[in-house]
Amino acid sequence: QVQLVESGGGLVQPGGSLRLSCAASGFRSDYFSISWFRQAPGKEREGVSCIGTSDDMTYYVDSVKGRFTISRDNAKNMVYLQMNSLKPEDTAVYYCAADTLNWCSAYIMATIDSRRAKWGQGTQVTVSS
């Protein structure tokens, strides 16, 4: 069974860090582009970051550049999102998704709903003092 499970969310103070994990099962995640999206209450879903099958193929939305880092551990079939210098505006439910494509870009993330991507259930990140 193809499945993605996110973990690592929680409550953190502004300026703090969290590392989100996306565990893939039932397929080889290193064969596909993996993306992180987030959705805050009352807001549209936003593409945060993605990584292609080549580790040097990454994308970050401007608001997280320099603060977030996406990475893979192919041996563990995992993808991570290291989030540093967190801000209250980073508060959202974070989802990982496995695309049907193997490359990554803003356009690929924006068009993910046109393909049969697999999604996790999400993990809540709350940044608050």
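Bear in mind that the values here come from a model prediction, so they are computed numbers and not experimental data. Below, each value reflects all heavy atoms present in this structure, side chains not excepted, and no hydrogens, waters or symmetry copies. Residue indices begin at 1 and follow the sequence shown.
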Novice: Any side-chain heavy-atom pair from Gln3 and Val5 closer than 4.5 angstrom?
Specialist: yes
Novice: Is the Phe68-Trp36 ring centre distance short of 6.0 angstrom?
Specialist: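 Not close enough - the centres of the two rings lie 6.0 Å or further apart.
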Novice: Would you check if Tyr59 and Cys104 make a side-chain contact, meaning some heavy-atom pair closer than 4.5 Å?
Specialist: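 Of all side-chain heavy-atom pairs linking Cys104 with Tyr59, at least one is under 4.5 Å.
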Novice: Quick one about Asn84 and Ser17 (side-chain donor to acceptor, distance below 3.5 Å, no hydrogens or angles considered), yes or no?
Specialist: yes
Novice: Could you tell me whether the side chain of Gln82 and the main chain of Arg19 form a donor-acceptor pair under 3.5 Å?
Specialist: no
Novice: Given Tyr60 and Thr69, is the side-chain contact (heavy atoms from CB on, under 4.5 Å) satisfied, shown in steps?
Specialist: CA-CA 8 Å; Tyr60 300 91; Thr69 303; 3.9 Å; yes
Novice: As an exercise, state the distance from SG of Cys96 to CD of Glu6, rounded to the nearest 0.5 Å.
Specialist: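 With rounding to 0.5 Å, SG (Cys96) is 4.0 Å from CD (Glu6).
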Novice: With side chains defined as the heavy atoms from C-beta onward, is the minimum distance between Ser128 and Leu11 less than 4.5 Å?
Specialist: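 Of all side-chain heavy-atom pairs linking Leu11 with Ser128, at least one is under 4.5 Å.
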Novice: Same cluster or not: are Leu18 and Val64 linked, directly or through other Ile, Leu, Val, Met, Phe, Trp or Tyr residues, by side-chain heavy atoms under 4.5 angstrom apart?
Specialist: yes
Novice: Could you go step by step and tell me if Asp113 and Arg45 meet the side-chain contact (heavy atoms from CB on, under 4.5 Å) rule?
Specialist: CA-CA 11 Å; Asp113 288 337; Arg45 189 183 69 196; 2.8 Å; yes
Novice: Would you find a donor on one side and an acceptor on the other, under 3.5 Å apart, between the side chain of Arg115 and the backbone of Ile108?
Specialist: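 Such a contact is found between Arg115 side chain and Ile108 backbone.
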Novice: To the nearest 0.5 Å, what is the distance between OG (Ser71) and CE (Met78)?
Specialist: 9.5 Å
Novice: How many angstroms lie between atom OG of Ser33 and atom CD1 of Ile112, to the nearest 0.5 angstrom?
Specialist: 7.5 Å
Novice: Do the side chains of Leu81 and Leu4 join up, straight or via other hydrophobic residues, at under 4.5 Å, putting them in one cluster?
Specialist: no
Novice: As an exercise, state the distance from CZ of Arg38 to CG of Asp90, rounded to the nearest 0.5 Å.
Specialist: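 Rounded to the nearest 0.5 Å, the CZ-CG separation comes to 5.0 Å.
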Novice: For a side-chain contact (heavy atoms from CB on, under 4.5 Å) check, start with the C-alpha distance between Phe27 and Val2, then their side-chain angles and the critical distance, and finish with the verdict.
Specialist: CA-CA 6 Å; Phe27 72 105; Val2 173; 3.6 Å; yes
Novice: Would you say Pro88 and Pro14 make side-chain contact, with heavy atoms under 4.5 Å?
Specialist: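 Pro88 reaches Pro14 side chain to side chain.
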Novice: I want to check something: taking the side chain as every heavy atom from C-beta on, are Lys118 and Thr100 in contact at a cut-off of under 4.5 Å?
Specialist: no
Novice: Quick test of your reading of the model: are Asp30 and Lys76 salt-bridged, counting only N-O distances below 4.0 Å?
Specialist: no
Novice: Trp119, Tyr80: one ILVMFWY side-chain cluster at the under-4.5 Å cut-off?
Specialist: no
Novice: State the CD1-CD1 distance between Ile51 and Ile34, to the nearest 0.5 angstrom.
Specialist: 9.0 Å
Novice: Run the salt bridge (Lys or Arg N to Asp or Glu O under 4.0 Å) test on Asp99 and Arg116 for me, step by step, so that the C-alpha distance in whole Å, both residues' side-chain angles and the decisive distance to 0.1 Å come before the verdict.
Specialist: CA-CA 7 Å; Asp99 208 324; Arg116 290 187 173 184; over 6 Å; no
Novice: Does the side chain of Thr53 reach to within under 4.5 Å of the side chain of Trp103, using non-hydrogen atoms?
Specialist: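 Side chain of Thr53 against side chain of Trp103, heavy atoms only: no contact under 4.5 Å found.
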Novice: Report yes or no: do Met57 and Leu101 belong to one cluster of Ile/Leu/Val/Met/Phe/Trp/Tyr joined by side chain heavy-atom distances under 4.5 Å?
Specialist: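 Yes.
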Novice: Would Lys65 and Asp62 pass as an ion pair if we require N to O under 4.0 Å?
Specialist: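 So Lys65 pairs with Asp62 through a salt bridge.
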Novice: Would you say Phe37 ends up clustered with Ile70 if hydrophobic residues are merged whenever their side chains have heavy atoms under 4.5 Å apart, either directly or through other cluster members?
Specialist: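 Yes, it is one cluster - the side chains of Ile70 and Phe37 are joined through contacts under 4.5 Å.
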Novice: Would a 4.5 Å heavy-atom cut-off, applied to side chains only, mark Leu20 and Tyr94 as touching?
Specialist: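 Result yes, sub-4.5 Å side-chain heavy-atom pair found.
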Novice: Let me confirm one number: the OG-CD distance from Ser63 to Glu89, rounded to the nearest 0.5 Å.
Specialist: 8.5 Å
